[in-house]
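Some notes on the structure that comes next.
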Amino acid sequence: MGKFMHDNPMLSCSEVNRHHYSLAAVAVGLGLGVAGLCKALYSGLSIPWVSPRNLFSGSGRAYYVGGLRNLGNNCFLNVILQALASCDGFISFLDNLLATDGLLPEEKAVRMPLLLALSSLLEDLIIVRDERTVLNPHGVMHALSLYVGHFNLTRQQDASEAFLHLLISLRDEFAHCYVPHRSSLADITLSDSKVYKQREGNLPECKRWKQNLFGPFDGTVGSILSCRNCSSVLSLDFENFHCLPLSPVLNANGDITSGCSLVDCLKYFTVVEHLDNYRCDRCWHIIAAKYLSLRSEVDEEKVSKLQSCVDYGTCSCRDMFPLESLPCSSSSRATKQLIISQCPKILCIHFLRASVGLDGEPIKHQGHISFPLLLNLSPFTGGASSAGPLAMNAQRDGQQALHLYRQLNMQANADVSSSSSSPPQLSRSKLYGLAAVVEHYGKCGGGHYAVYRRVASNPDPDDPGKPVAGLGKRWFYISDGYVSEVPEEDVLRAEATLLFYERL
């Protein structure tokens, strides 16, 4: 009930008016729902919002984080704000941006409205309270509207688009604070620009500007095209991403395969693609040089030119003789593979559940895609030689490291490295802990968004020097203003559309 009531456009007033018999169906449904709820309470079944599991063990008190008010179908933005509040690295990133030198508070209010509003709201969202609190996202929405006037923030939108718009708007706002209001590059270099300003220790501000301009969600995907005949890399292209789009593994009927996992989707994303009859310029040079070397009258100059050429595809070597004069084919076999060449500090994954059916109508691929609490990204960051066997062992490596992840949750202030029960060392730079899960209910273009978010402990408001008793890293289910503490099992059962992982 709690998940269905918020923002659900599937039953509209016009539909009820058009079909009078629907009123009776609604009445019967509500009656059965109330009866079922009473029976569940009477029989002692677990109801999420009244279950004793909402009390943190050993504390005897219920705790909550702030919910967010729905100001008109803005659940898609509310879940993004809640997810960002779970990412410690992003909050630190905002703090660093606000520490910009040379701007007075009133100047920041004018030049950094989105940054100030977002930082203030996230600071409120990370506080754990002993009473229900619903916060207002109006300040963030108003500041964001200054940058995305074409993106209606009070109409049902896609959460992944809202996430990208928010990050790009933050970058634009921050960049404008570093660029003087001049028109030419000469004026910028001669002016007192922050990019060229020297800070303490003779450290250029430009270095800090670059560090802040590329935020914690920035990663890079590399595309490697290789020739299987001559083992040369034909091309190497890179593309930045804020959110990694992954397609679910579908069966013959177009449904998500039973047992599909995040690791399966990553394997599918980085799978080696084989290309036949590919024209490799390096192979052509090798064949052409060999052909000329075997002729009765060897042209040493041409052979030397072919063997020393490195400007494949743009050289004039083919002009030396017609291609048809070669007695053998120059077609090759090639492979193409995507890899995550630069791992972000915070990894956002978007499952592409929406597609278009044969009738041209949008459809949503329903089904559970399993995901781990701890993700080892290293099998998907190398070339073809490492993607095979390592990807097969990705799940095993994740299980080995899961013990360490739970230790970090239960003993956040302990020295885990000194524990004799720690698992074998893994590359921590590519290990990620789950921070938030965004779930969508309903069909494409409608429905409702909710989020599961991880929450760390914070000081007891009655005694700031003492942590809240029994409160470690916990999970909350949040649907706009509704908040409920839930176990890990509920989180891992979610039909995720967005996943947020933070690098350990």
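In this chain, numbering begins with 1 at the start of the sequence shown.
- G67 and L125 make their closest contact through O-CD2, 4.5 Å (heavy atoms, listed as atom of the first residue, atom of the second, distance).
- No side-chain donor-acceptor contact under 3.5 Å links N253 to the backbone of D255.
- Here the side chains of V437 and V451 are not in contact, with every heavy-atom distance at 4.5 Å or above.
- Counting only heavy atoms from C-beta outward, the side chains of D95 and E123 approach each other to under 4.5 Å.
- Of all the heavy atoms in E495 and E439, the pair that sits closest is N-OE2, 2.9 Å.
- Taking 4.5 Å as the limit, every side-chain heavy atom of I339 sits out of range of all side-chain heavy atoms of T381.
- Checked by atom type and distance alone, the side chain of H365 never pairs as donor or acceptor with a backbone atom of P248 at under 3.5 Å.
- Between the side chain of R353 and the main chain of I363, no donor-acceptor pair closer than 3.5 Å is present.
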Donor-acceptor pairs are to be reported for all side-chain atoms of residues 75-84 against protein atoms at under 3.5 Å, with residues two or more places apart or in another chain.
| unit_1 | atom_1 | unit_2 | atom_2 | d |
| --- | --- | --- | --- | --- |
| N78 | OD1 | N74 | ND2 | 3.1 |
| N78 | ND2 | R69 | O | 3.4 |
| N78 | ND2 | D480 | OD1 | 3.0 |
| Q82 | OE1 | R453 | NH1 | 2.9 |
| Q82 | NE2 | G66 | O | 3.0 |

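- A pairwise comparison of heavy atoms in L498 and C243 identifies CD2-SG, 4.1 Å as the closest pair.
- Here L347 contributes atom CG and L244 contributes atom CG; the two are 6.0 Å apart, rounded to the nearest 0.5 Å.
- Applying the ring pair (Phe, Tyr, Trp, His ring centres under 6.0 Å) test to every pair with at least one member in residues 112-139, sequence neighbours left out, gives no pairs at all.
- Taking every heavy atom of both residues into account, S479 and H448 meet most closely at OG-NE2, 2.7 Å.
- Looking at C260 and C265, their side chains come closer than 4.5 Å, going by heavy atoms from C-beta outward.
- The side-chain hydrogen bond (donor to acceptor under 3.5 Å, both in side chains) test applied to S160 returns D158, not counting sequence neighbours.
- The shortest distance between side-chain heavy atoms of V486 and F476 does not fall below 4.5 Å.
- Here the CZ-CD distance, from F151 to Q157, works out to 4.0 Å after rounding to the nearest 0.5 Å.
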- request: Determine, step by step, whether K267 and V263 satisfy the side-chain contact (heavy atoms from CB on, under 4.5 Å) criterion, reporting the C-alpha distance in whole Å, the side-chain angles of both residues, the deciding distance to 0.1 Å, and the verdict.
  value: CA-CA 6 Å; K267 288 181 183 178; V263 172; 3.8 Å; yes
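- Of the candidates F371, Y477, F500, Y452 forms a ring pair (Phe, Tyr, Trp, His ring centres under 6.0 Å) with just one, namely Y477.
- Between M141 atom CE and L68 atom CG the span is 10.5 Å, to the nearest 0.5 Å.
- For the pair S341 and F238, the minimum side-chain heavy-atom distance is below 4.5 Å.
- Remark: T133 engages R129, E131, L135 in a side-chain contact (heavy atoms from CB on, under 4.5 Å) (not counting sequence neighbours).
- Shown here are the side-chain contact (heavy atoms from CB on, under 4.5 Å) partners of L338, two or more places apart in sequence or in another chain: V221, S223, F269.
- Formation of a donor-acceptor pair under 3.5 Å by the K430 side chain with backbone atoms of L375 is not found in this model.
- In this structure, NE2 on H150 lies 12.0 Å from OG on S145, to the nearest 0.5 angstrom.
- Partners of H350 under the ring-ring contact (aromatic ring centres under 6.0 Å, His included) rule, at least two apart in sequence or in another chain, do not exist in this structure.
- No side-chain N or O of D172 forms a donor-acceptor pair with one of S169 less than 3.5 Å apart.
- D88 is linked by a side-chain hydrogen bond (donor to acceptor under 3.5 Å, both in side chains) to nothing, counting only residues two or more places apart in sequence or in another chain.
- D264 places none of its side-chain heavy atoms less than 4.5 Å from the side chain of I369.
- Considering only heavy atoms from C-beta on, F351 stays 4.5 Å or farther from P245 through its side chain.
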message: Run L144 and L166 through side-chain contact (heavy atoms from CB on, under 4.5 Å) and show every step you take.
response: CA-CA 7 Å; L144 184 58; L166 181 61; 4.1 Å; yes
- prompt: Are L71 and L153 close enough, and set up right, to give a side-chain contact (heavy atoms from CB on, under 4.5 Å), and what steps lead you there?
  reply: CA-CA 9 Å; L71 302 178; L153 295 171; over 6 Å; no
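- Taking the side-chain hydrogen bond (donor to acceptor under 3.5 Å, both in side chains) definition, one finds that N152 meets it with T154, sequence neighbours left out.
- Qualifying side-chain contact (heavy atoms from CB on, under 4.5 Å) partners for P113, counting only residues two or more places apart in sequence or in other chains: A143, L146, Y147, E173.
- Take H165 and apply the side-chain hydrogen bond (donor to acceptor under 3.5 Å, both in side chains) test, not counting sequence neighbours, and it matches no residue.
- In this structure, T270 contributes its side chain and L266 its backbone to a donor-acceptor pair below 3.5 Å.
- By the side-chain contact (heavy atoms from CB on, under 4.5 Å) test, S247 is found to be paired with Y268, L352, residues two or more places apart in sequence or in another chain being considered.
- Judged as a ring-ring contact (aromatic ring centres under 6.0 Å, His included), and not counting sequence neighbours, the contacts of F217 are F90, F163.
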- request: Take Y449 and V438 through the side-chain contact (heavy atoms from CB on, under 4.5 Å) test and state the conclusion after the steps.
  value: CA-CA 7 Å; Y449 283 100; V438 173; 3.8 Å; yes
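- Here the OG-CG distance, from S92 to N96, works out to 7.0 Å after rounding to the nearest 0.5 Å.
- Smallest separation of non-hydrogen atoms from G89 and I346: C-CD1, 4.1 Å.
- The nearest pair of heavy atoms linking L250 to T257 is C-OG1, 3.5 Å.
- Crowding of K345 atom NZ: a count of heavy atoms from other residues, nucleotides or ligands under 6.0 Å not exceeding 12.
- Between the side chain of D490 and the backbone N or O of P487 there is no donor-acceptor pair closer than 3.5 Å.
- In this structure, L434 CG and Y501 OH are separated by 4.5 Å, a value rounded to the nearest 0.5 Å.
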